[in-house]
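Accompanying notes for the structure given below.
By convention in this document, chain letters (A, B, ...) are assigned in the order of the sequence lines, proteins followed by strands, and residues within each chain are numbered from 1.
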Amino acid sequence: MPKTNAFFANNLIQWYLQNKRTLPWRATKDPYRIWLSEIILQQTRVAQGLPYYLKFIEAYPSVKHLADAPESDVLKLWQGLGYYSRARNLHATAKMVANDMNGIFPNNYKELIKLKGVGDYTASAIASICYDHSEAVVDGNVFRVLSRVFSVSTPINSTVGQKEFKKLAQQLIDQKQPGTYNQAIMEFGARYCVPQNPNCDACIFNPHCIAFQTKTVNQLPVKIKAKPIKKRYFNYLVVISKNEKTILQQRLGKGIWHKLYEFPLVETSEKVNAKKLKTLPQFQEYTQNLKFESITLYNDEPITHKLSHQHLITQFWIIETFKEQHDFIPISKITKYAVPVLIENFVSEFFANY
DNA sequence: AAACCGGGGTA
DNA sequence: TACCCAGGTTT
């Protein structure tokens, strides 16, 4: 174990100053930019989130710009990043800050955590990075580093584990540079104390890391096993009129992709053929006024779109029709709507010639 | 406490 | 495959 908390913090910060990546949100203490970066980086790798951060800063240079944008624009810009509640909460919080707080972000943990989409981690990150408050962050990196160095085997996704690691992190934080310390331990976890095959032999902490000394690094951190993945069967009805128009619907119920757009969807409990599909009430409801000319299966082999907790086994049915209704939109306008990656991939492939 | 919420990278 | 990622909200 590290001899003292100061030893741990000082060495971590020293390592960080020599090894940190140059990232745009590390060049500012502007709470708008720090907040935006933290929301984008929730459950998201830096490499994946970075282009989105740059897009958002360009489109919305201030919280007021973001607040004044339509939610549909924010969702469209967020398209492809996943966990879309982040985008909806981002926009709601921007409106709150711009309209009810005079455009000024709260400057302490207690007020920050009241914002939509801001939990313990994000409130601590903003308070420490922007305002030098001693609020320890606990993200996936911190769980991993602390569980190994101090050999804590409490499951990190249990309630007691969350509290235990938070308390330990708060004991270790550098009081003089809490923001730098927080970023240092996260960077160390992301770049050095990595989940698989970390280079422990060259690690600055290996004399003090209990997991290394006891050869239990590959057993930590401990995580309670997740539930098995559920399979769902999606049938999208890609209606195409002679006038090159189609139908999109907005998802408004509970569940995935709330407020994003998709083709009319018939979900089934198993893979269906055209004959079976035509008998389903949902299919008949969608097509009753269409008088469709033909229906053909686009993808012979179903496309399996993999989410973290479910696999979407998807068939796209091409339905040609003479009739057009008020809710038809030009195919060329599909790109204006925020759609899931599953839909985006199909559209870019199938409509490449339109 | 458990369930739910995306998409992509890595071994 | 399995696991993970600068987590948070809802039930």
Side-chain angles (χ1 to χ4, degrees), chain A residues 16 20-21 23 25-26 34-53 75 78-90 92-93 112-126 128-129 135-145 155-163 165-166 169 179 181-191 193-198 218-230 232 251 253-260 304-312 338-345:
Chain A
Y16 175 68
K20 68 175 177 179
R21 292 164 287 185
L23 297 169
W25 49 85
R26 287 185 174 157
I34 298 300
W35 163 72
L36 175 62
S37 72
E38 294 298 349
I39 302 299
I40 287 175
L41 292 173
Q42 287 169 3
Q43 293 292 289
T44 303
R45 293 169 189 279
V46 167
Q48 189 186 1
L50 179 55
Y52 285 84
Y53 175 83
L75 281 169
W78 197 273
Q79 179 181 305
L81 198 53
Y83 284 158
Y84 296 93
S85 66
R86 290 185 293 169
R88 301 189 301 267
N89 288 334
L90 184 84
T93 290
L112 283 163
I113 204 169
K114 294 178 181 174
L115 301 174
K116 278 189 180 180
V118 175
D120 175 75
Y121 164 79
T122 304
S124 300
I126 298 172
S128 63
I129 295 170
E135 303 283 358
V137 296
V138 182
D139 74 334
N141 296 304
V142 176
F143 277 125
R144 188 167 55 253
V145 173
I156 62 174
N157 53 348
S158 67
T159 304
V160 286
Q162 306 268 340
K163 291 166 84 170
F165 280 94
K166 178 76 181 182
Y181 169 85
N182 276 338
Q183 295 184 79
I185 189 170
M186 290 191 286
E187 185 82 340
F188 186 75
R191 308 263 294 169
C193 194
V194 292
Q196 298 179 19
N197 304 321
N218 58 7
Q219 301 172 31
L220 293 169
V222 173
K223 200 168 183 177
I224 299 168
K225 286 247 309 185
K227 275 183 35 177
I229 291 170
K230 182 180 297 182
R232 302 173 69 181
R251 294 181 66 94
K254 289 184 173 296
I256 58 172
W257 302 332
H258 184 65
K259 290 193 177 180
L260 273 64
T304 300
H305 187 72
K306 295 177 179 179
L307 307 180
S308 293
H309 307 291
Q310 48 189 315
H311 286 180
L312 310 178
V339 299
V341 165
L342 173 62
I343 300 296
E344 173 67 27
N345 288 346

With a cut-off of less than 4.0 Å, is there a side-chain N or O of A/T122 near OP1 or OP2 of C/dA6? no

Does OP1 or OP2 of B/dC5 have a side-chain N or O of A/W78 closer than 4.0 Å? no

Would you please confirm or rule out a distance under 4.0 Å between OP1 or OP2 of B/dG7 and any side-chain N or O of A/Y84? yes

So, is A/H305 close to the B/dG7 phosphate, meaning a side-chain N or O under 4.0 Å from OP1 or OP2? yes

Is the distance from OP1 or OP2 of C/dC5 to the nearest side-chain N or O of A/Q43 less than 4.0 Å? no

Short side-chain N/O contact to C/dC4 OP1/OP2 from A/R144, under 4.0 Å: no

I'd like to know if A/Y121 reaches the base of C/dG7 with its side chain, counting only an N/O donor and acceptor under 3.5 Å. no

Looking only at C/dC5, B/dG6, C/dC3, the nucleotide nearest the A/L307 side chain is B/dG6

Which nucleotide wins on minimum distance to the side chain of A/N141, given the candidates C/dC5, B/dC5, C/dT9? C/dC5

C/dA2, OP1 or OP2 - any side-chain N/O from A/Q196 closer than 4.0 Å? no

For B/dC4, take OP1 and OP2 only and decide whether either is under 4.0 Å from a side-chain N or O of A/K227. yes

Side chain of A/K254 only, heavy atoms from C-beta on: which candidate in C/dA6, C/dT11, B/dG6 is closest? C/dT11

For the residue pair A/W25 and A/Y53, categorise the inter-ring angle as parallel (less than 30°), tilted (30 to 60°) or perpendicular (more than 60°). perpendicular

Looking just at side-chain N and O atoms, do A/Y121 and A/E38 make a donor-acceptor pair shorter than 3.5 Å? yes

Could you measure between the two P atoms, the one in C/dA6 and the one in B/dA3, and give it in whole Å? 25 Å

Verify stack between A/H309 ring and B/dC5 base, 5.5 Å, 30 degrees: yes

So which one's nearest nucleotide on DNA chain C is more toward 5', A/I113 or A/Q48? A/Q48

